[in-house]
S.K.: 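Structure below; questions to follow.
Convention: sequence-line order gives letters A, B, ...; per-chain numbering from 1.
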There are 4 protein chains.
Amino acid sequence: MNRTMEKRGKQQRGLETQAALLDAAGRVFSQKEYDGARLKDISEEAGISLGSLYFHYGNKEDIAAAVLEVQQERMTEVLAGIMTNSESSLTRLLDLMDGIAELIASDPLVQAGIRLVSSLPEELKDSGHAPYGEWVGVTETLLKEGIEDGSVSSQIDLKVLAEYFNEVFIGAQVLAGIQDNWASLPDRVRRLRPHVVAALTRTDPA
Amino acid sequence: MNRTMEKRGKQQRGLETQAALLDAAGRVFSQKEYDGARLKDISEEAGISLGSLYFHYGNKEDIAAAVLEVQQERMTEVLAGIMTNSESSLTRLLDLMDGIAELIASDPLVQAGIRLVSSLPEELKDSGHAPYGEWVGVTETLLKEGIEDGSVSSQIDLKVLAEYFNEVFIGAQVLAGIQDNWASLPDRVRRLRPHVVAALTRTDPA
Amino acid sequence: MNRTMEKRGKQQRGLETQAALLDAAGRVFSQKEYDGARLKDISEEAGISLGSLYFHYGNKEDIAAAVLEVQQERMTEVLAGIMTNSESSLTRLLDLMDGIAELIASDPLVQAGIRLVSSLPEELKDSGHAPYGEWVGVTETLLKEGIEDGSVSSQIDLKVLAEYFNEVFIGAQVLAGIQDNWASLPDRVRRLRPHVVAALTRTDPA
Amino acid sequence: MNRTMEKRGKQQRGLETQAALLDAAGRVFSQKEYDGARLKDISEEAGISLGSLYFHYGNKEDIAAAVLEVQQERMTEVLAGIMTNSESSLTRLLDLMDGIAELIASDPLVQAGIRLVSSLPEELKDSGHAPYGEWVGVTETLLKEGIEDGSVSSQIDLKVLAEYFNEVFIGAQVLAGIQDNWASLPDRVRRLRPHVVAALTRTDPA
DNA sequence: AATGAATGAGTTTTCATTCAT
DNA sequence: CATGAATGAAAACTCATTCAT
């Protein structure tokens, strides 16, 4: 083991612990909301002492914030992946919906982020973690591009279209969450697709 | 004041206390999820002692259950009101959506019920309080009737139609809840109506 | 037991508990400084549950603040008692020194206040509990009056005189505290008296 | 660089670390009492790892003891410096007061020692670190010599004189500590001098 | 019925100390 | 020697629930 390894090893351990804790936090926060989640459950789930949890994350709010941050990152990754393919904006929007659905269904940490949003203490709600705000921005942008490239009908107000799109998607998320911990979300989204396409391409003033 | 009056007075007082507590519980549970809500907050919100809360409702679960029960009642009332008018099933479904939206927007106790659904401890989740299960049943029934009376297109699977309808509606509820404590829900539902009508009456295999 | 008694009884119990806790806090804080004192020790010393301590005093700082407040009151009482007798200002000052010494020697809660002053967390230091500031004000006032009524020599600057007086008195307090938990303070003050008198009545520019 | 140099270098490094830690400990203990001071604060203040702190000083008590020891040394140094000049004992006593005041005002580690005295856990209080005991011995010795060489009045009991002297000096220290972290101590002592001289040279039976 | 007080079993948080590298 | 990470025991604090009146 050379010096580089040694050095990396030292810091590595801490990073591994942090990752394990974050993962465990994801699993716990995906099952219980903020107040209902126990830090002890997280530390035990991670197989790491409670004291260590506090060494890496200063308190309960901080670890919840870390979960939200990673959720953001992972969703942004999916977004970035979708954006690189050069299809129509409508397709991109639908692919995005699929991609996020897939992510949610497979990633407890992302599920945790969803759960946390509605149960955070006031202080955290402000602090920059406004996933829906950002998300709405993305959908509106894609729809605007869709209108420009003709893949989306221009006869309905952009805001209203985005609102509809988001309501449908969020509704699917919520019901999938209740029904089977989001396992059914990808299928739900697939079944949703025709309705969404119809709504976004309608030519009569719906 | 005779004994009857006294007795009625006494019972009356108890009922008033119960109502005040229930109301306060609605307000508190509409802002915080189950674990985050404090019984002390409820008692203070009601201006009634904590001991009294325990006299009327045995424990935290019981008072949450009471909130859910009343929510059910109030939603059922709306449902009953809609059912008496003799229009088409599609109209009834849309009116129901409007009616429930109106109810949610105006009644913190009903809002509380919505919040509670996703944060209840396991024990309560089972105990008969499955509002969405019941709700889904109602929408499916109405859709079936709609297909029978021709107001709803028969070309899509009933379950899928109901799923879509509920996703849209729930999505609107959730986003309205986040945005402004449900105040915008009636407007959102109004904007949703054309999309729902289109989806339910579509003749091509969407 | 009449209704008044009942009513008083109810509130009485709480007040008794508070008093017991405050007393116990006095005893504990007089032996250990702020960070070293354990709330559990206080609750056990009082024979009252820790939960109850938190019911009456919201947190550690609050109970320390309560101790300081009562200390202030008791010292002010002594002050008021001294002020009513109509002797010379010098006598009043010396009597005050005796009275406070007596109080400190006999009252653990006042001793606690003295201990706390130098070990409080920053937040509490500000919040109005500036016993020494007030005390210095009193001594300066008495000295000014003494100069006016001729019982104190006017040849030394008032501030300097007050400074000297306070240094001597505080020094006696500190050493008595270290030596025997303030038991020797009254005697120390008695032995101090001639020096103080000499200093305050000196006619040559000392 | 030969082996000797390396060795010396290594030892050198350790000594530097120790000194940095001790200095940091002085700064921390001068602001917070024993229980309130955090070893982590000390290590951060020194810019040296916590592990290293434990390597050089076995535990919290040991580092506090080290601070006290150095405080003793520095005060003894001042004492020794004063003793070599051949003036009267009274002058020596007054010079000692000035010298110590100067030392306290300028040396956080000595300030730390002062703070620690009143907040030490029982175990440490015994273990030889009784600065005041020693200090009192010195003052009594000087006063006795003063009586012998005539620079101090012999009409008052020696113990009482020493007691007075120490009370005044300690009082000045405490108030300077509270007022401005001991910066004003030298000035205070200067203003104290005439009173002390008067007390120690008084010929009438004060 | 109603109330304020009391309790105990948790939960979060802190920190001296130890460990692995 | 030095470091960052880890730990456990104890501390502060919370809150559903019960009790005495």
S.K.: Would you sketch DNA chain F in dot-bracket for me? Only Watson-Crick or G-U wobble pairs with both distances under 3.5 Å count, crossing pairs as [ ], other-strand pairs as |, the rest as dots.
M.R.: .||||||||||||||||||||

S.K.: Is there a side-chain contact between C:Ile48 and C:Ile42, using heavy atoms and a 4.5 Å cut-off?
M.R.: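 A side-chain contact under 4.5 Å is absent here.
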
S.K.: Could you check whether any side-chain heavy atom of D:Tyr34 comes within less than 4.5 Å of a side-chain heavy atom of D:Arg115, counting everything from C-beta outward?
M.R.: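 They are not in contact (no side-chain heavy atoms under 4.5 Å apart), so the answer is no.
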
S.K.: List for me each residue that meets side chain to side chain contact (heavy atoms under 4.5 Å, CB included) alongside C:Ser118, sequence neighbours excluded, and say none if there are none.
M.R.: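 Checked C:Ser118 against side chain to side chain contact (heavy atoms under 4.5 Å, CB included); zero matches.
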
S.K.: Are side-chain heavy atoms of B:Gln71 and B:Leu68 found at a separation under 4.5 Å?
M.R.: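 Yes; the side chains approach each other to less than 4.5 Å.
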
S.K.: Among F:dA2, F:dA5, E:dA5, which is the nearest nucleotide to the side chain of C:Arg13?
M.R.: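 Closest nucleotide among those given: E:dA5.
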
S.K.: I need the CD1-P distance between B:Ile63 and F:dT17, as an integer number of Å.
M.R.: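 My rounded result for the distance is 11 Å.
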
S.K.: Does E:dT3 have OP1 or OP2 sitting under 4.0 Å from an N or O in the side chain of B:Ser52?
M.R.: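 It does, given that an N or O in the side chain of B:Ser52 lies less than 4.0 Å from OP1 or OP2 of E:dT3.
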
S.K.: Suppose we screen for salt bridge (Lys or Arg N to Asp or Glu O under 4.0 Å). Which residues come up paired with D:Asp23, at least two apart in sequence or across chains?
M.R.: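 D:Arg27.
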
S.K.: For the pair made of CD in D:Glu16 and C1' in F:dA2, what is the distance, rounded to whole Å?
M.R.: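 Going from CD in D:Glu16 over to C1' in F:dA2 covers 14 Å.
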
S.K.: Measuring from the side chain of B:Ile48 (C-beta onward, heavy atoms only), which nucleotide among E:dT3, E:dA2, E:dA5 has the closest atom?
M.R.: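 Nearest nucleotide to the side chain: E:dT3.
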
S.K.: So do C:Gln111 and C:Phe29 actually touch side chain to side chain, heavy atoms under 4.5 Å?
M.R.: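 Heavy-atom side-chain distance check fails, nothing below 4.5 Å.
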
S.K.: Report the residues that fulfil salt bridge (Lys or Arg N to Asp or Glu O under 4.0 Å) with D:Asp35, sequence neighbours left out, ordered by chain and then residue number.
M.R.: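 By the salt bridge (Lys or Arg N to Asp or Glu O under 4.0 Å) rule, D:Asp35 matches no residue at all.
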
S.K.: Could you give the CD1-to-C1' distance, from B:Ile42 to F:dC15, as a whole number of Å?
M.R.: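 Roughly 13 Å, once rounded to whole Å.
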
S.K.: Just N and O in the side chain of B:His56: are any of them under 4.0 Å from OP1 or OP2 of E:dA2?
M.R.: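 For B:His56, the contact criterion (side-chain N or O under 4.0 Å from OP1 or OP2 of E:dA2) is met.
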
S.K.: Indicate whether OP1 or OP2 belonging to F:dA6 is found under 4.0 Å from a side-chain N or O atom of A:Thr17.
M.R.: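 Indeed, a polar side-chain atom of A:Thr17 lies that close.
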
S.K.: Any side-chain heavy-atom pair from B:Glu44 and B:Leu50 closer than 4.5 angstrom?
M.R.: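 No, every pair of side-chain atoms sits at 4.5 Å or beyond.
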
S.K.: Applying salt bridge (Lys or Arg N to Asp or Glu O under 4.0 Å), can you list everything that pairs with D:Glu33, at least two apart in sequence or on another chain?
M.R.: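 D:Glu33 satisfies salt bridge (Lys or Arg N to Asp or Glu O under 4.0 Å) with no other residue.
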
S.K.: Rounded to whole Å, how long is the line connecting atom CG of B:Leu53 with atom P of F:dC15?
M.R.: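 One finds 15 Å between P of F:dC15 and CG of B:Leu53, rounded.
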
S.K.: Mapping D:Phe55 and A:Ser49 to their closest nucleotides on DNA chain F, which lands nearer the 5' end?
M.R.: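 Result: D:Phe55.
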
S.K.: Roughly how many Å is it from CD in C:Glu44 to P in E:dG8, rounded to a whole number?
M.R.: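 Going from C:Glu44 (CD) to E:dG8 (P), I get 12 Å.
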
S.K.: Would you list the protein and nucleotides 10-14 of chain F atom pairs, both N or O, that sit under 3.5 Å from each other?
M.R.:
residue, atom, partner, partner atom, Å
F:dA11, OP1, C:Arg38, NE, 3.3
F:dA11, O3', C:Arg38, NH1, 3.4
F:dA12, OP1, C:Lys60, NZ, 3.3
F:dA12, OP2, C:Leu39, N, 3.3
F:dC13, OP2, C:Tyr54, OH, 3.3
F:dC13, OP2, C:Lys60, N, 3.0

S.K.: Round to a whole Å and report the spacing from CD of C:Gln12 to C1' of E:dA6.
M.R.: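 The answer, rounded to whole Å, is 17 Å.
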
